[in-house]
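Reviewing the structure listed below.
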Protein chains: 2
Amino acid sequence: MGKAYNVMAATCPSRTVLHRIGARWTVFVVNALEDGPRRFTELKAHIQGITPKVLTETLRTLEQDGLVTRTSYDEQPPRVDYELTGLGRSLLLPLRAVRQWAEEHVPDIEAARAAYGPEDASAGATVGP
Amino acid sequence: MGKAYNVMAATCPSRTVLHRIGARWTVFVVNALEDGPRRFTELKAHIQGITPKVLTETLRTLEQDGLVTRTSYDEQPPRVDYELTGLGRSLLLPLRAVRQWAEEHVPDIEAARAAYGPEDASAGATVGP
DNA sequence: CATCTCAGTTCCTTTGAAGATACCGGTATC
DNA sequence: GATACCGGTATCTTCAAAGGAACTGAGATG
């Protein structure tokens, strides 16, 4: 049998999956869980700028998709742990690479942006025959 | 020296980079260019469901960021090639992995979704002391 | 002359995800 | 009694990004 799923096909369910992975905060949350279980407040502090609403939403989605488990302990003050599942850890591998790429290539991208535009628009990069 | 950039910091420029990578169609376009140069119409046909407007926007952004080059040949009918730069090819590695992950784990995610909800909401996954 | 192709552009509408802000109940501590 | 901690909700607003549909120009083709 060949490939079962192909993201290039308009109606392939893998597109939905890709959409989830690409959601604004998924990369952050998954990466933040790389070293083991973390509490809600820890995550919120670690992922600077995320609002509790969005963090909750993201975690719920990840939980639904089987990437994260939520465990709440009956202590005082309350404690809730989030942890990557096996599936979540398998996604961590690509997403950590993406994160690292972003961190490593900031200068390259900034340089490219700065260099863009100066290029002559009329002659352009046009190649004549 | 330590890490220069950290996506977890609120104002880190790597966040902008991550945002670009995470844009709806970036994964598709970068993956579609994995085997070498492609023309606009080829890309449009290959990435099913993408509109010309969005494809243009995505390509322009990738070009600005130095991930893709655009070469237009003065032929008839017009020909324009898009190709990954070295930087673009370095991004292809993580993004191909993301794509593959999405294609491979559709069943896992569908299963997790189906299994979600049935779990008792009152007792929940709560762990008592 | 009519039609096709390529590589887009233009205009308008929509929408869904994200942001801001405020609030909640229970506990324990000052 | 006031305040702080924890893990969230609730509500409202916003807005960038995506979608849809039609259109362009210049030359090739029938």
Side-chain angles (χ1 to χ4, degrees), chain A residues 10-11 15-16 18-29 32-33 37-65 68-83 121 124-129, chain B residues 10-11 15-16 18-29 32-33 37-65 68-83 121 124-129:
Chain A
T11 61
R15 288 222 168 158
T16 314
L18 214 44
H19 191 210
R20 292 294 180 92
I21 298 175
R24 184 79 131 222
W25 294 100
T26 301
V27 188
F28 296 89
V29 172
L33 291 172
R38 288 223 182 217
R39 310 176 57 165
F40 186 87
T41 321
E42 285 176 334
L43 289 171
K44 193 160 84 64
H46 187 68
I47 308 170
Q48 287 175 33
I50 196 170
T51 63
K53 193 200 99 183
V54 170
L55 180 54
T56 304
E57 284 170 1
T58 307
L59 286 167
R60 290 281 185 283
T61 303
L62 292 173
E63 201 193 344
Q64 261 191 45
D65 289 352
V68 156
T69 52
R70 177 186 185 277
T71 315
S72 108
Y73 301 90
D74 255 343
E75 298 175 359
Q76 211 49 241
R79 188 157 75 90
V80 177
D81 273 2
Y82 292 92
E83 187 171 13
T126 299
V127 175
Chain B
T11 60
R15 287 221 170 160
T16 314
L18 215 44
H19 189 209
R20 291 296 181 91
I21 298 175
R24 184 78 128 226
W25 294 100
T26 301
V27 189
F28 295 90
V29 173
L33 291 172
R38 289 223 183 217
R39 311 176 57 167
F40 187 86
T41 321
E42 285 177 335
L43 289 170
K44 195 161 84 62
H46 187 68
I47 307 168
Q48 288 175 33
I50 196 171
T51 64
K53 194 201 100 184
V54 170
L55 180 55
T56 304
E57 283 170 3
T58 307
L59 286 167
R60 289 283 185 281
T61 304
L62 292 174
E63 200 193 344
Q64 259 192 47
D65 290 352
V68 156
T69 52
R70 177 184 185 280
T71 313
S72 107
Y73 301 89
D74 254 344
E75 299 176 359
Q76 212 48 241
R79 188 156 77 89
V80 177
D81 273 4
Y82 292 94
E83 186 171 14
T126 299
V127 175

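Keep in mind that the numbers below use all heavy atoms, side chains included, and drop hydrogens, waters and symmetry copies. Owing to the predicted nature of the structure, the values given are computational and were not obtained by experimental measurement.
- For A:Leu55 and C:dA18, the CG to C1' distance is 13 Å, given to the nearest whole Å.
- Here the rule is side chain to side chain contact (heavy atoms under 4.5 Å, CB included) with A:Glu83, and of A:Val68, A:Leu33, A:Thr69 only A:Thr69 fits it.
- Rounded to whole Å, atom P of C:dA18 lies 8 Å from atom NE2 of A:His19.
- Per the geometry, CG belonging to B:Asp74 stands 15 Å off C1' belonging to D:dA28, to the nearest Å.
- Although no hydrogens or angles enter the test, the distance criterion places no donor-acceptor pair under 3.5 Å between the side chain of B:Arg70 and the main chain of B:Glu63.
- Taking atom OH on A:Tyr73 and atom C1' on D:dG7, their separation rounds to 15 Å, with Å as the unit.
- Annotation: side chain of B:Arg39 is in contact with side chain of B:Asp81 (closest heavy-atom distance under 4.5 Å).
- Between the CZ atom of A:Arg15 and the NE2 atom of A:His19 there is a distance of 11.5 Å, given to the nearest 0.5 Å.
- For the side-chain hydrogen bond (donor to acceptor under 3.5 Å, both in side chains) criterion with A:Arg20, the lone passing option out of A:Thr58, A:Asp65, A:Thr26 is A:Asp65.
- Contact check for A:Ile50 versus A:Phe28: no side-chain heavy atoms found under the 4.5 Å cut-off.
- Between the CZ atom of B:Arg24 and the C1' atom of D:dA16 there is a distance of 12 Å, rounded to whole Å.
- Taking atom CD1 of residue A:Ile47 and atom C1' of nucleotide C:dA18, one finds them 15 Å apart after rounding to whole Å.
- B:Glu75 places its CD atom 13 Å from the P atom of D:dT29, with the value rounded to the nearest Å.
- Separating the CD atom of A:Glu57 from the P atom of C:dG16 is a distance of 14 Å, rounded to the nearest angstrom.
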Tell me, for nucleotides 3-9 of chain C in 5' to 3' order, what letter each nucleotide earns: B for a base near a protein heavy atom under 4.0 Å, S for only sugar-phosphate near one, - for neither? ---BSBB

